[in-house]
Amino acid sequence: MEIEESWMDKIRNFSAGLREAEENVHRWDAEIKKILALKKTEALGDGCKTSASQERYAEVQPEVYQARINFAKAKGHLAAVRCQLKAIEIGFEEWRTRVVTAREERKRYGA
């Protein structure tokens, strides 16, 4: 039971990192939207009257580009954390299978 609990601890310990990674992805998504809105307003002030021209103006701004890079990094970090969690889950399932197999063998052979 103690070994099983250590597996559970490993999984629980990932919850904070996973939460932080998820929050970071959403934070950068919101930041992109905010920057785009500000840049579109700026574009309107610079004489871009159509929505398409405002969008084009906003998309070429370095702040938007950097925010998109940060968003991509956050998504990559989230994917890495999820992959690490999946590896722990697979390790736990492997351990559990070995324990069950050993228990069945002991029952079968009376050991």
Side-chain angles (χ1 to χ4, degrees):
M1 190 66 169
E2 191 173 308
I3 295 173
E4 182 177 340
E5 196 56 39
S6 73
W7 280 106
M8 296 304 174
D9 283 341
K10 286 180 182 180
I11 292 171
R12 273 188 223 107
N13 289 340
F14 262 84
S15 66
L18 184 59
R19 186 193 77 239
E20 182 182 321
E22 288 271 1
E23 286 175 359
N24 211 16
V25 166
H26 292 292
R27 189 177 305 114
W28 278 109
D29 186 39
E31 188 67 21
I32 289 169
K33 291 175 182 174
K34 181 179 101 176
I35 293 170
L36 280 173
L38 290 171
K39 292 301 175 182
K40 286 179 183 180
T41 303
E42 189 179 295
L44 184 61
D46 284 353
C48 298
K49 295 185 185 203
T50 66
S51 178
S53 65
Q54 292 167 12
E55 184 75 30
R56 191 170 40 253
Y57 177 92
E59 286 293 337
V60 298
Q61 301 303 312
E63 297 92 341
V64 173
Y65 174 77
Q66 190 57 51
R68 290 195 189 281
I69 294 296
N70 291 336
F71 178 70
K73 287 178 182 177
K75 285 185 80 169
H77 179 70
L78 176 60
V81 169
R82 284 182 176 161
C83 185
Q84 289 172 336
L85 179 60
K86 187 67 177 172
I88 289 173
E89 290 172 348
I90 289 170
F92 172 71
E93 290 301 324
E94 177 191 2
W95 170 80
R96 190 168 71 169
T97 300
R98 278 188 280 125
V99 168
V100 169
T101 301
R103 186 179 330 134
E104 290 300 316
E105 285 181 4
R106 280 194 306 273
K107 256 199 283 187
R108 182 173 298 140
Y109 300 113

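One-based numbering along the sequence shown. Only heavy atoms go into these numbers, but all of them, side chains included; no hydrogens, no water, no symmetry mates.
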Lys33 NZ to Trp28 CH2 distance, which is reported to the nearest 0.5 Å: 15.0 Å

Between CZ on residue Arg27 and CG on residue Asn70, distance to nearest 0.5 Å: 11.5 Å

Interatomic distance, Lys75 atom NZ to Phe71 atom CZ [nearest 0.5 angstrom]: 4.5 Å

Separation of Leu85 CG from Ile90 CD1 (nearest 0.5 Å): 10.0 Å

Chi angles and distances behind the salt bridge (Lys or Arg N to Asp or Glu O under 4.0 Å) call for Lys39, Glu42: CA-CA 5 Å; Lys39 292 301 175 182; Glu42 189 179 295; 3.4 Å; yes

Donor-acceptor pair, side chain of Asn24 and main chain of Glu20, under 3.5 angstrom: no

Beyond-backbone contact of Ile88 with Gln84, side-chain heavy atoms, under 4.5 angstrom: no

Smallest separation among heavy atoms of Val81 and Gly17, with atom names: CG1-C, 4.2 Å

Check: Leu44 main-chain N/O paired with Gln54 side-chain donor or acceptor under 3.5 Å: no

Remaining members of the apolar cluster that contains Ile69, side-chain heavy atoms under 4.5 Å: Tyr65

hydrophobic_cluster_shared for Leu18 and Phe14, side chain cutoff 4.5 Å: yes

Interatomic distance, Glu63 atom CD to Lys34 atom NZ [nearest 0.5 angstrom]: 11.5 Å

Short N-O contact, Arg19 and Glu23, less than 4.0 angstrom: yes

Transitive ILVMFWY side-chain link Leu38 to Tyr57, under 4.5 Å: no

Contacts of Glu22 that satisfy salt bridge (charged side-chain N to carboxylate O under 4.0 Å, His left out) - sequence neighbours left out: Arg82

Pairs satisfying salt bridge (charged side-chain N to carboxylate O under 4.0 Å, His left out), at least one member in residues 46-60, at least two apart: Lys40-Glu55, Glu59-Arg68

